[in-house]
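The chain is numbered in sequence order, starting from 1.
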Amino acid sequence: KHRPTLIKKILFHDFVDVRGKNRIVRYVIFRNMLLQRIKSVTEQLSMDGFDYVMMIDLDLKEFDAKSAFNDLHDSPYSVLCANGLFKLEIMRDTFASVMINGTWLYTYHSLYDDHFRDLMYWPYERYQPMNSCFGGLAFYKNSHKLLDTGCEYVVLEEMRQAWEYAEKYEDANVRVPAWPKGQDWFKIEGFRKPLLELQHMFLHANMKVNKERRKICEHLSYHYCLRAHGYQLAIARDMIVYYFDLDKMASNPI
């Protein structure tokens, strides 16, 4: 008799058919489901909220829990991301990582890129401020405040299309759909423009890939929304997440 795993019971409790959908679209759906579940649970239990919300990738091998609690205790940041490693000291999750100066580390993520070695043994400081990050594990302080921002995970390509449509018909006598609730942050040029530049760069760098696969990381728009609400993010250098089996490293180092 088929017995679904606990994870499937949680994720598919209302059954959302994601078959055939793009990987990023699936993540957007599931991460928003988790945010909604946090809201409903706190309301049912008459709680003000949780101290932390943790987003975690289920394909990581292990993480340093002791360092995580130490870093959370000392951190002045409202969002703290793990230092996700892919074999030895190489940063894995560059797709979600944008530095304060706007550099998207995804552009470095290639074994054939001369700059790739720069991501070894990085970050150097205990807390590395970022515009966006994840690393397979991220902690968000105060679930009540987090949900009050109205921020949701979105498919950036759909946001861009909606924005371009609204701009085109702003002064025309055409009925434009109401702008999505909670997405007013996208109207702020200082957050919208750099994000769309990254999306444009990603789109043109992957022209040979099927259009449905050319979706930019879902964490970028979510984190830019949080930053528009005053959130500050950082990678915790010592909060290490391993995407590889340490026991197998001796026989397969790199």
Side-chain angles (χ1 to χ4, degrees), residues 21-32 34-36 53 55 77-81 93-109 128-135 138 140-142 145-207 209 211-235:
K21 291 187 181 295
N22 170 274
R23 167 178 170 266
I24 298 301
V25 175
R26 295 199 302 268
Y27 284 154
V28 166
I29 292 171
F30 288 144
R31 294 194 195 285
N32 283 332
L34 291 173
L35 292 178
Q36 286 302 313
V53 170
M55 286 286 178
Y77 294 91
S78 40
V79 180
L80 204 59
C81 305
D93 191 18
T94 55
F95 201 30
S97 303
V98 181
M99 298 179 70
I100 290 295
N101 65 6
T103 300
W104 189 19
L105 296 184
Y106 177 76
T107 59
Y108 284 60
H109 197 175
Q128 174 63 47
M130 301 289 287
N131 282 347
S132 179
C133 52
F134 184 56
Y140 301 79
K141 285 184 179 179
N142 191 332
K145 181 182 176 183
L146 183 72
L147 295 175
D148 269 358
T149 64
C151 293
E152 294 182 332
Y153 289 89
V154 299
V155 179
L156 184 59
E157 288 73 14
E158 295 177 0
M159 284 280 286
R160 176 183 59 78
Q161 292 171 2
W163 177 257
E164 290 175 349
Y165 183 83
E167 271 197 321
K168 182 177 180 180
Y169 296 108
E170 182 179 14
D171 299 322
N173 189 22
V174 176
R175 182 175 180 178
V176 178
W179 189 250
K181 184 180 179 181
Q183 302 298 346
D184 282 348
W185 68 273
F186 200 73
K187 297 178 180 179
I188 304 173
E189 185 176 7
F191 294 104
R192 180 187 70 255
K193 185 177 179 180
L195 199 53
L196 291 183
E197 287 175 352
L198 296 182
Q199 191 269 333
H200 179 81
M201 177 176 64
F202 180 71
L203 179 69
H204 286 270
N206 293 275
M207 290 299 292
V209 178
K211 185 178 180 180
E212 266 305 298
R213 293 179 59 194
R214 283 181 270 155
K215 306 288 187 190
I216 201 169
C217 179
E218 76 280 6
H219 292 292
L220 298 187
S221 54
Y222 185 64
H223 289 154
Y224 274 57
C225 176
L226 291 180
R227 288 177 51 239
H229 287 83
Y231 276 66
Q232 293 182 316
L233 299 84
I235 294 175

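Atoms CD and OH, on Q128 and Y77 in that order, are 8.0 Å from each other to the nearest 0.5 Å. The OG atom of S78 lies 10.0 Å from the CG atom of N142; values are rounded to the nearest 0.5 Å. The structure places NE2 of H219 at 8.0 Å from CE of M55, a figure rounded to the nearest 0.5 Å. Distance CG/L220 to SG/C225: 13.0 Å, rounded to 0.5 Å. We find the NZ-CD1 distance between K193 and I188 to be 15.0 Å, quoted to the nearest 0.5 Å.
By the 4.5 Å heavy-atom criterion applied to side chains, L105 and M99 are counted as neighbours. Between L35 and Y222, the closest side-chain pair of non-hydrogen atoms falls below 4.5 Å. Side-chain contact between W104 and T94: absent, with no pair of heavy atoms (C-beta onward) separated by less than 4.5 Å. Taking 4.5 Å as the limit, some side-chain heavy atom of S97 sits within range of a side-chain heavy atom of M130.
Exactly one residue among L156, I24, L196 makes a side chain to side chain contact (heavy atoms under 4.5 Å, CB included) with I216. That residue is L156.
Judged by distance alone, the side chain of R31 and the main-chain N or O of Y153 form no donor-acceptor pair under 3.5 Å. Panel note: side chain N131, backbone V98; no donor-acceptor pair is recorded below 3.5 Å. Between the Y231 side chain and the L146 main chain, a donor and an acceptor come within less than 3.5 Å of each other.
Here the closest heavy-atom approach between residue E189 and residue P194 is recorded as O-CD, 3.6 Å. What you find for I235 and C133 is that their closest heavy atoms are CG1-CB, 3.7 Å. Nearest heavy-atom pair across W185 and M159 is CZ2-CE, 4.3 Å. Counting all heavy atoms, side chain and backbone alike, F95 lies closest to K215 at CZ-O, 3.6 Å. Listed here is the closest heavy atom pair of S221 and V154: OG-CG2, 3.3 Å. The heavy-atom pair separating L198 from G102 by the smallest distance is CD2-O, 4.3 Å.
The neighbour count for Q232 CD, taken as heavy atoms of other residues, nucleotides or ligands under 6.0 Å away, does not exceed 12. Annotation: H229, atom NE2; neighbour count of heavy atoms from other residues, nucleotides and ligands within 6.0 Å is above 12.
A salt bridge is absent between K145 and D148; no separation between the charged side-chain nitrogens and carboxylate oxygens falls under 4.0 Å.
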Tell me, with the steps shown, if S132 and H223 meet side chain to side chain donor-acceptor pair (under 3.5 Å).
CA-CA 6 Å; S132 179; H223 289 154; 3.0 Å; yes
Inset, instruction - Start with the C-alpha distance between W163 and R192, add both sets of side-chain angles, then the distance that settles side chain to side chain contact (heavy atoms under 4.5 Å, CB included), and finish with yes or no. - result: CA-CA 10 Å; W163 177 257; R192 180 187 70 255; 3.4 Å; yes
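Ring pair F202/Y106: centre-to-centre distance below 6.0 Å.
Ring orientation note: the planes of Y224 and F191 are nearly perpendicular, at an angle over 60° on the 30°/60° scale.
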